[in-house]
Amino acid sequence: MGLRAKRPILHSAGLDPTVGGPALRALTFHDRARMIKALAMALNARKQELYDLSFSSGGTQNDHMIDVDGGIGTMFVFASKGRRELPDGQIYLDGEPETLSKGGNFLGQHICTPMQGAAVHINAFNFPVWGMLEKLAPTLLAGVPAIVKPATATCYVTERAVRIMLESGHLPDGALQLVAGGLGDTLDQLTCQDIVSFTGSADTALKLRAAPAILKNSIRFVAEQDSLNASILGPDAEPGTPEFDLFIKEVQREMTAKAGQKCTAIRRILAPQSQVDAVIQALQGRLAKTVIGDPQAEGTRMGALVSNAQKRDVLAKAALLATEAERVFGDPDNFEVNGASAETGAFLPPMLFHCADPDKAQRIHDTEAFGPVSTIMGYRDLDHAIQLANRGEGSLVASVITHDPQVARQVAMGAAAYHGRLYFNNRDSMKGSTGHGSPLPHLVHGGPGRAGGGEEMGGIRGVMHYMQRTAVQGSPDLIAAIGEQWVPGAAEIEGPAHPFKRRFHELQIGETLHTASREITVEDIEHFADFTGDTFYAHTDPEAAKRNPFFPDRVAHGYLLLSFAAGLFVDPDEGPVLANTGLDNLAFMKPVVAGDSLKVRLTVKQKTPRNDEYGEVRWHVTLKNQDDEPVAEYELLTMNAF
């Protein structure tokens with residue numbers, strides 16, 4: 001473990017680069033989502049092995065759960081989102097078709113397809129499992145194979161996780177490869193179809209970005225790097241309030257979790273100038289209760305740093321901070337260690353600094369001590385706090401503890417452009433909140449400027465980083481064939497029976513029912529108004545309706561039209577349609593008045609299997625009047641039995 005090599009050492013389910021990509025691309029999004037879920041279950045069944053190995057990295061059991069359970073949970077989220085938000089196909093449609101011709105016979109559509117190379121994941125030492133899985137899940141879901149390069153210091157944990165996934169048998173050959181050691185000339189061999197995703201220092205990121213092949217081939221480079229994350233105590237959060245206590249708890253937790261070795265840890269603490277002394281005193285009290293020592297020893301709350309080399313680096317960075325700030329807690333030369341040696345182990349106490357003049361300071365805004373180190377500084381007003389937070393020149397996250405909605409809005413307006421995530425918390429949300437330092441698979445993780453300028457996760461947004469967006473143009477039939485989704489203007493298919501009598505697998509994309517017409521009467525409108533209680537003047541007062549620039553006379557209720565439409569196309573008998581589950585994209589185009597007629601076109605737009613018994617059918621529904629003019633349009637969702 002940890003050997004530098006001219007050529008990489010690989011663990012793989014097959015090393016042929018022409019195998020992994022085609023095998024993944026042959027699967028649908030749903031196939032890949034099921035595969036990711038199976039991998040997560042395999043890891044979950046053997047996670048104790050990962051816990052046991054992780055103690056060698058210096059972390060506590062709680063630290064391992066953040067890494068291991070967090071990574072597995074991320075896999076489950078992407079598996080779920082893949083099934084719910086992506087089609088059971090191989091092409092993702094980005095947005096609705098664009099009509100490019102007056103007659104509607106020439107359309108444009110954005111599609112996303114998998115990149116046809118490989119994703120090179122270069123990960124940091126602090127999260128050997130989560131750091132890999134949060135990149136791997138969206139990569140596999142996109143249909144792209146991955147080469148994982150973990151940091152040497154903790155690569156043994158990553159190797160075990162990779163081994164578990166390969167032994168599960170759920171991965172196609174060549175879908176996942178592990179490099180233990182140097183990458184050799186791997187980066188020189190990359191093409192425009194490859195992606196590099198890096199987590200680590202800004203210096204290393206700069207060197208990788210400048211690799212000739214990356215520059216020459218415009219290779220996608222996603223970076224998550226240094227971050228001087230801030231936490232702001234709102235002006236309203238005075239001592240004695242729930243917000244003040246919550247702020248102290250959050251800061252203490254972020255300083256000590258994984259011994260401060262988190263990319264999202266709080267490095268800068270911003271408090272109203274009048275509250276700085278109270279914050280220092282409260283933090284001193286909480287930090288003094290932190291038991292440092294052997295992570296497996298009873299009572300230990302904070303373990304060691306990952307190595308003595310990392311300890312030396314943190315001390316060097318803390319010395320730089322000390323040129324601009326006074327250390328008010330934590331003496332690295334004098335602290336107790338539970339069950340281990342402070343001299344030989346990579347232990348450090350939490351160190352709290354106070355910067356009295358943050359406006360003149362520079363190092364506290366550009367130097368990250370990647371350990372249990374944080375600096376408190378006072379702000380004059382909220383604009384000043386925002387200015388100080390933004391001096392990090394791009395951060396992964398900033399938190400604001402406040403019960404004042406206007407404070408939250410002002411910070412969002414002033415600081416969002418400098419941050420990848422803003423975390424607001426108070427007495428109302430603290431019991432359900434996930435914490436300042438917890439990136440979530442649903443939300444983007446990344447940040448501008450010093451934080452790397454990249455994004456990871458963010459739900460399906462993260463999948464798109466490994467896909468190419470392409471604009472396609474053509475006739476409605478061609479666009480429908482490419483996307484496996486019916487579009488207006490494409491061919492309509494007449495089925496052998498009413499579509500509600502046909503099972504999920506029998507229905508064809510484009511299968512269409514045209515209904516008979518129904519005349520709308522004044523009595524219909526009045527009855528609907530009386531029956532529902534919707535007596536809005538446009539439906540009940542002809543003179544008032546005529547004064548409305550949108551209506552020629554009293555008009556039929558929009559929901560009356562939908563009800564009549566259902567009456568026209570629904571088959572009443574028991575059949576394979578199990579439930580109506582939704583209605584999307586409803587639009588009313590033209591008012592309907594008494595004497596107008598209504599007819600419906602019902603078309604199978606898309607089909608998505610949901611389990612072994614039924615699937616979702618998305619129907620395109622168009623309501624037209626007696627002049628064949630569209631009056632309303634929407635998409636109906638039903639669950640149909642197989």
Side-chain angles (χ1 to χ4, degrees), residues 60 62 228-260 262 264-292 299-302 318 321-322 324-332 334-336 348-358 361 364 369 371-382 384-385 388-389 397-404 407-408 411 423-431 433-438:
T60 65
N62 284 338
L228 278 298
N229 310 300
S231 186
I232 302 173
L233 178 67
D236 58 302
E238 298 179 347
T241 64
E243 285 72 31
F244 184 89
D245 295 339
L246 172 62
F247 181 78
I248 300 301
K249 181 179 179 181
E250 288 262 20
V251 171
Q252 180 266 339
R253 179 174 59 194
E254 291 304 319
M255 286 184 67
T256 58
K258 292 189 72 70
K262 292 173 61 180
T264 53
I266 295 171
R267 306 299 180 194
R268 297 176 300 148
I269 307 163
L270 309 181
Q273 189 63 56
S274 60
Q275 307 298 344
V276 168
D277 289 342
V279 171
I280 291 174
Q281 184 177 356
L283 283 174
Q284 288 171 332
R286 283 193 70 96
L287 292 172
K289 298 176 182 178
T290 303
V291 178
I292 307 158
T300 294
R301 292 294 176 265
M302 188 177 92
L321 298 179
E324 299 177 342
E326 175 191 5
R327 193 177 69 236
V328 293
F329 183 87
D331 183 353
N334 184 21
F335 64 101
E336 295 183 2
L348 282 177
M351 288 182 280
L352 179 66
F353 288 84
H354 170 226
C355 179
D357 193 349
I364 62 169
V373 181
S374 192
T375 303
I376 182 169
M377 60 201 82
Y379 66 81
R380 297 183 295 275
D381 52 34
L382 197 55
H384 186 217
L388 292 174
V397 56
S399 56
V400 184
I401 309 302
T402 180
H403 199 242
D404 185 340
V407 169
V411 174
Y423 167 87
F424 298 96
N425 203 0
N426 58 31
R427 70 191 73 179
D428 301 326
S429 56
M430 60 185 183
K431 290 185 178 180
S433 64
T434 52
H436 163 105
S438 298

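If you read the sequence from its start, that first residue is 1, and numbering goes on from there.
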Where the side chain of [X] meets the backbone of [Y], is there a donor-acceptor pair that is under 3.5 Å apart?
X      : Y      : value
Asn229 : Ala398 : no
Ser374 : Ile266 : yes
Thr402 : Asp404 : yes
His436 : Thr264 : yes

For [X], all residues meeting side chain to side chain donor-acceptor pair (under 3.5 Å), sequence neighbours excluded:
X      : answer
His403 : Asp428
Lys262 : Glu254
Thr256 : none

>> Just to verify, what does Arg268 make a salt bridge (Lys or Arg N to Asp or Glu O under 4.0 Å) with, not counting sequence neighbours?
In response: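 Counting only residues at least two positions away or on another chain, Arg268 forms no salt bridge (Lys or Arg N to Asp or Glu O under 4.0 Å).
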Supply the atom-to-atom distance [X] [atom1] to [Y] [atom2], rounded to the nearest 0.5 angstrom.
X      : Y      : atom1 : atom2 : answer
Thr241 : Leu246 : OG1   : CG    : 9.0 Å
His354 : Glu324 : NE2   : CD    : 13.0 Å
Ser438 : Tyr423 : OG    : OH    : 8.0 Å
Ser231 : Ile401 : OG    : CD1   : 5.0 Å
Leu228 : Leu388 : CG    : CG    : 12.0 Å
Phe244 : Lys249 : CZ    : NZ    : 15.0 Å

Atom of [X], atom of [Y] and distance for their closest heavy-atom approach:
X      : Y      : value
Pro350 : Phe329 : O-CD2, 3.3 Å
Gln252 : Thr290 : NE2-OG1, 3.7 Å
Ala278 : Pro239 : CB-CG, 3.9 Å
Leu270 : Phe247 : O-CZ, 4.1 Å
Ala361 : Cys355 : CB-SG, 3.8 Å

> Between Met351 and Arg327, is a side-chain contact (heavy atoms from CB on, under 4.5 Å) present by the stated rule, with each step listed?
Replying inline: CA-CA 7 Å; Met351 288 182 280; Arg327 193 177 69 236; 4.2 Å; yes
> So Ile292 and Thr300, side-chain contact (heavy atoms from CB on, under 4.5 Å) or not? Walk me through it.
Replying inline: CA-CA 6 Å; Ile292 307 158; Thr300 294; over 6 Å; no
> Within a radius of less than 6.0 Å around CD of Gln284, do more than 12 heavy atoms belonging to other residues, nucleotides or ligands occur?
Replying inline: yes
> So does Arg286 have more than 12 non-hydrogen atoms from other groups sitting under 6.0 Å from CZ?
Replying inline: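 Atom CZ in Arg286 is crowded, with more than 12 foreign heavy atoms closer than 6.0 Å.
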>> Filter on salt bridge (charged side-chain N to carboxylate O under 4.0 Å, His left out), then keep only pairs touching residues 229-245, sequence neighbours left out; what's left?
In response: Glu243-Arg427
> Taking only residues at least two apart or on different chains, which pairs with a member in residues 373-382 satisfy salt bridge (charged side-chain N to carboxylate O under 4.0 Å, His left out)?
Replying inline: Asp359-Arg380
>> Taking side-chain contact (heavy atoms from CB on, under 4.5 Å) as the criterion, tell me which of Ile248, Thr375, Leu233, Leu352 meets it with Ile269.
In response: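 The side-chain contact (heavy atoms from CB on, under 4.5 Å) with Ile269 is passed solely by Leu352 among Ile248, Thr375, Leu233, Leu352.
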> Do Ile364 and Phe353 pass the side-chain contact (heavy atoms from CB on, under 4.5 Å) test, and can you show the C-alpha distance, the side-chain angles, and the key distance before you say yes or no?
Replying inline: CA-CA 10 Å; Ile364 62 169; Phe353 288 84; over 6 Å; no
